[in-house]
Each structure stands twice: as C-alpha cells, then as structure tokens.
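One structure below.
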Amino acid sequence: MRDDTRRNMPLFSMGTVQKLTELTPRQVRYYEQQGLIRPARTNGNQRLFSFNDVDRLLHIKNLMEKGVNIAGVKEMLQKEEQKEGVVTEATPPQTVKKPEISEAELHKLLKRQLSELSARPNQSHLLRGELSRFFH
DNA sequence: GTTCTTACA
DNA sequence: TGTAAGAA
C-alpha cells in the first residue's frame with residue numbers, strides 16, 4: 001500500500017480530530033466550509049478525516065496563531081496543492097515491503113496511540129508533521 | 001453518547 | 001466563534 005494512500009485514508013471522527021488538533025468542532029467545520037479541508041463522509045453523514053486532513057488542520061492552526069487570516073491560509077494551502085500536483089507526476093515507484101495492515105488493525109493501532117496521547121492532557125499538543133510518526 | 005445542520009447572541 | 005435546537 002502506498003504511503004500516499006495511507007495518508008488519505010478516512011479514519012478519524014470529529015472527536016478524535018478535536019483531541020488531535022485542539023480545535024473546536026465549530027472551527028473544523030468552518031474551515032471545511034472555507035474549502036480548506038474536504039473530509040470524507042460515512043453513510044450516516046459523519047465526517048471522517050484522514051492524516052492529510054489532520055495535518056492540514058494543524059497547519060491551519062499554526063498559521064492562524066501567527067495571525068494569518070483565512071484568506072491568507074487559503075493562499076498558502078493552494079500553493080502547496082499545486083506543488084503536490086507537480087510532484088505527484090514524478091513520484092517514482094516504491095520498493096516498500098511494509099507488511100500489509102488491514103483497516104481494522106490500523107484502527108486498533110491508532111486508537112491505542114491516541115489513548116496514550118489523551119493520557120497526558122497537559123503537554124502541548126501535536127506539532128505539524130508529528131503525525132508522520134504514526135506511519136513508522 | 002456523538003455528530004450533523006441551521007440559526008442566532 | 002460559541003452555543004442551542006432538533007434530527008440522525
């Protein structure tokens with residue numbers, strides 16, 4: 001399974017994202033309205049966020065804390081998307097031999113690690129890019 | 001019990 | 001942005 005595929009896999013509920021990013025559901029939904037993220041939906045219309053979504057949210061949060069407004073955040077994110085588009089074409093075949101993990105197992109793994117995260121509420125939350133540690 | 005949408009202080 | 005109402 002490609003790393004890219006894994007990063008775009010819809011896995012997180014609103015509650016999980018809230019803990020991961022420390023953003024309120026209100027803010028997360030607002031950012032979605034602004035087109036900053038596009039989480040998938042369950043049959044019951046529940047949002048399902050991917051690693052990419054969470055990463056973007058963390059990015060957005062960092063920018064906002066620096067005083068960048070929504071408009072500014074949009075521009076920066078758009079530029080990154082353009083960059084990704086170019087890179088995607090040149091993405092070389094990977095020689096990955098990572099053991100295949102079922103979606104169910106991934107869920108278990110994530111749930112466990114997220115529990116550890118919420119176990120220490122005082123510490124500062126995730127930094128942008130830190131999410132990548134879940135892939136190792 | 002959690003999340004969704006819509007609407008208003 | 002926060003919060004309330006009503007539905008899923």
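Just so you know, these numbers use all the heavy atoms, side chains as well, and skip hydrogens, waters and symmetry mates. Chain letters run A, B, ... following the sequence lines, proteins first and then strands; every chain starts at 1. Computed from a prediction, not measured in an experiment: that's the story for all the values here.
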*Count the heavy atoms of every other residue, nucleotide or ligand shown that sit under 6.0 Å from CZ of A/Arg38, and state whether that count exceeds 12.*
no
_Inter-residue atom distance A/Gln27.CD - A/Ile60.CD1, 0.5 Å rounding_ = 10.5 Å
_Rounded distance (Å) that lies between atom P of B/dT2 and atom CE of A/Met14_ = 14 Å
*About how many Å separate OG of A/Ser13 and NZ of A/Lys19, when rounded to the nearest 0.5 Å?*
7.5 Å
*To the nearest 0.5 angstrom, please state how far the CE atom of A/Met76 sits from the NE2 atom of A/His59.*
5.5 Å
_Any side-chain to backbone donor/acceptor pair from A/Asp55 onto A/Asn52? Under 3.5 Å, distance only._
no
_Contact nearer the 5' end of DNA chain C, comparing A/Ile70 with A/Gln46_ = A/Ile70
*Report which part of the nucleic acid A/Gly44 touches: base, sugar-phosphate, or nothing (heavy-atom distance under 4.0 Å, all strands).*
nothing
*Looking at DNA chain B, which of residues 24-32 of chain A put a heavy atom within less than 4.0 Å of it?*
A/Arg29
*Counting only side-chain N and O atoms of A/Arg47, is one of them less than 4.0 Å from OP1 or OP2 of B/dC4?*
yes
_Test item: A/Gln46 and A/Arg41 side chains (from C-beta on) under 4.5 Å apart, heavy atoms_ = no
_Atom pair distance, as rounded to whole Å: CD in A/Gln18 and C1' in B/dT3_ = 11 Å
*Among A/Leu20, A/Asn62, A/Thr21, side-chain contact (heavy atoms from CB on, under 4.5 Å) partner for A/Leu57*: A/Thr21
_Could you see if A/Leu48 belongs to whatever hydrophobic cluster contains A/Leu23? Use Ile, Leu, Val, Met, Phe, Trp, Tyr and a side-chain cutoff under 4.5 Å._
no
_Wobble G-U and Watson-Crick pairs count when both distances are under 3.5 Å; given that, what is the 5' to 3' dot-bracket string of DNA chain C, with | for pairing to other strands?_
.|||||||
*Side-chain N or O of A/Ser13 less than 4.0 angstrom from OP1 or OP2 on B/dT3?*
yes
_Student check: side-chain heavy atoms of A/Met14 and A/Phe49 closer than 4.5 Å_ = yes
*Heavy-atom distance under 4.5 Å between the side chains of A/Lys61 and A/Glu65, does that happen here?*
yes
_A/Leu11 CG to A/Thr16 OG1 distance, which is reported to the nearest 0.5 Å_ = 9.5 Å
*Span of DNA chain C, from the first to the last nucleotide whose atoms fall under 4.0 Å of chain A heavy atoms*: C/dT1 to C/dT3
*Integer-rounded Å distance: B/dT2 C1' and A/Asn45 CG*: 13 Å
